[in-house]
Amino acid sequence: MKRRILTGERPTGPLHLGHFVGSLSNRVALQDEYDTFIIIADVQALTTNFDRPEALAGDVRQVALDNLAAGLDPGKVCIFVQSMVPAIAELTVFFSMFVTVNRLRHNPTIKTEAAAYGYTDMTYGFLGYPVSQAADILFCRADLVPVGEDQLPHIEITRFVARRFNELYGKVFPEPDAMVSRIPRLVGLDGAAKMSKSMGNCIYLNDEPASVREKVMSAVTDPARIHKTDPGHPEICTICAYHAAFNQGEHEDIVSRCRAGAVGCVACKKRLLEVLEAFLEPMRERRLGFSSRRVLDEILESGTERARREGEATLGMVRPAMSMDYFSGKGLE
Ligand code: TRP
């Protein structure tokens with residue numbers, strides 16, 4: 001039997017190159033070797049968007065399409081919607097009984113996000129979403145979770161939940177391992193440490209060629225370089241970081257020519273554009289193949305159906321372990 005992967009994202013807008021480098025590329029590479037579940041975490045999106053749930057329907061489809069365009073094969077992987085798998089909500093409640101508030105308060109990702117959103121007081125759902133994320137992962141008893149490094153504190157909590165549940169009630173869950181992308185986090189077009197939607201410094205997987213061109217040509221490079229013969233500092237250059245991520249074969253050569261003042265920023269950007277287009281164009285084609293509403297909804301519905309069955313099977317182990325299978329055999333499930 002294949003080992004199982006669970007990963008995914010919140011549907012809060014289109015995915016960008018940072019997502020690809022940080023997690024999509026991993027899950028695409030692993031889909032043959034592992035039984036893969038991809039969660040579209042719409043409930044988790046509500047932690048910050050509870051006042052506009054009407055945006056979710058479009059964003060759920062967008063994220064599903066981005067995953068399919070990136071190369072996930074719906075014949076192999078199970079893509080599903082979180083809110084439609086009742087077992088996840090049920091497990092969240094059980095797990096929340098033994099995860100302390102202090103453990104959640106000390107989670108560095110929660111702290112960073114709360115500061116970024118300017119929360120002075122956190123909702124119960126926001127503070128507790130790592131518990132819900134543990135249920136996202138454990139409902140299908142996943143073994144491996146490919147994620148960006150910002151998710152590591154959440155996977156730590158998931159491991160704690162699995163361990164503690166097994167100690168308290170008997171062994172039901174594997175203790176899943178995180179798997180972090182080998183490529184470091186992608187910088188933004190403006191040179192900021194992170195490509196992120198809120199900073200408006202992204203190239204999206206569904207950007208049109210003209211838009212990719214404009215973004216690349218106006219990206220921040222090495223501000224100390226005025227003439228193309230000035231020696232460059234590739235270690236601080238955005239474009240160079242993108243070459244490292246998407247053009248490994250030529251990266252070293254580009255670095256040394258930049259240092260020597262032998263390649264100018266414009267030429268370096270043009271080469272990157274070719275490389276990015278060679279990568280984005282097949283994605284656009286795959287996206288087209290899935291873009292009919294009927295095709296996409298069928299993929300999501302059958303994935304969600306399978307996830308519901310997995311969740312029921314897990315609850316079928318959780319309830320007896322907790323001695324809460326009160327009516328078993330009496331026709332009530
Ligand atoms: N927290 C993840 C993010 O913000 C999304 C997510 C929800 C997730 N549930 C998950 C990731 C389970 C991995 C496993 O991107």
Side-chain angles (χ1 to χ4, degrees), residues 4-28 30 34-49 56 59-60 62-64 66-67 70 72 77-85 87-89 91-92 95 104 107-114 116-117 125-162 173-181 185-186 194-198 202 205 303-304 307 310-311 314:
R4 189 166 281 180
I5 276 179
L6 182 127
T7 188
E9 41 273 317
R10 302 175 191 180
T12 54
L15 303 184
H16 51 65
L17 292 183
H19 291 116
F20 185 87
V21 165
S23 46
L24 291 178
S25 56
N26 253 341
R27 71 183 71 155
V28 171
L30 296 169
Y34 290 86
D35 184 19
T36 300
F37 283 70
I38 303 296
I39 188 167
I40 304 187
D42 59 337
V43 179
Q44 193 174 110
L46 287 177
T47 55
T48 53
N49 292 358
L56 286 172
D59 285 342
V60 162
Q62 168 81 262
V63 165
D66 281 334
N67 270 279
L72 285 185
V77 306
C78 172
I79 307 182
F80 69 96
V81 180
Q82 181 191 22
S83 65
M84 302 202 63
V85 179
I88 293 177
L91 290 173
T92 302
F95 296 163
L104 295 166
N107 180 306
T109 297
I110 290 283
K111 285 199 226 173
T112 311
E113 287 175 355
Y117 289 114
F126 179 83
L127 179 68
Y129 89 70
V131 179
S132 165
Q133 186 158 332
D136 295 345
I137 296 166
L138 296 177
F139 91 95
C140 68
R141 300 177 313 283
D143 303 293
L144 194 65
V145 192
V147 280
E149 60 180 4
D150 61 320
Q151 297 296 304
L152 290 178
H154 301 340
I155 311 306
E156 256 332 294
I157 287 184
T158 301
R159 291 169 61 83
F160 165 78
V161 165
F173 296 109
E175 214 178 294
D177 289 309
M179 180 191 207
V180 179
S181 164
R185 174 160 100 179
L186 204 62
K194 189 178 174 186
M195 187 175 275
S196 105
K197 189 177 67 140
S198 59
C202 306
L205 302 179
T304 301
E310 280 298 327
T314 300

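Note that ligands are numbered from 1 as they come in the structure, with each ligand's atoms numbered from 1 the same way.
The closest protein non-hydrogen atom to atom 3 (C) of ligand 1 is Gln151 NE2, 3.6 Å. Here the protein heavy atom with the shortest distance to atom 4 (O) of ligand 1 is Arg10 NE, 3.3 Å. Given atom 9 (N) of ligand 1, the protein heavy atom at minimum distance is Asp136 OD2, 2.7 Å. Counting only heavy atoms of the protein, atom 7 (C) of ligand 1 lies nearest to Gln44 NE2, 3.4 Å. With hydrogens left out, the protein atom closest to atom 11 (C) of ligand 1 is Gly8 O, 3.4 Å, a heavy atom. In this structure, the protein non-hydrogen atom closest to atom 8 (C) of ligand 1 is Gln133 NE2, 3.5 Å. Leu6 CD2, 3.6 Å is the protein heavy atom nearest to atom 14 (C) of ligand 1.
Looking at Gln82 against ligand 1, nothing comes within 4.0 Å, counting heavy atoms.
Heavy-atom contacts of Val147 reach the following atoms of ligand 1: 13 (C) (cutoff under 4.0 Å). Within ligand 1, the atoms closer than 4.0 Å to a non-hydrogen atom of Ala41 are 7 (C), numbered from 1 in the order shown.
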**Report entry** Trace of the side chain to side chain contact (heavy atoms under 4.5 Å, CB included) decision for Thr36 with Leu30
**Finding:** CA-CA 8 Å; Thr36 300; Leu30 296 169; 5.5 Å; no
Query raised in the report: Do Glu9 and Asn67 pass the side-chain hydrogen bond (donor to acceptor under 3.5 Å, both in side chains) test, and can you show the C-alpha distance, the side-chain angles, and the key distance before you say yes or no?
Result: CA-CA 10 Å; Glu9 41 273 317; Asn67 270 279; 3.0 Å; yes
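The ring pair (Phe, Tyr, Trp, His ring centres under 6.0 Å) test with Phe139 is passed by exactly one of Phe95, Phe80, Phe173: Phe80.
In summary, Arg10 and Glu113 engage in a salt bridge, as defined by a charged side-chain N under 4.0 Å from a carboxylate O.
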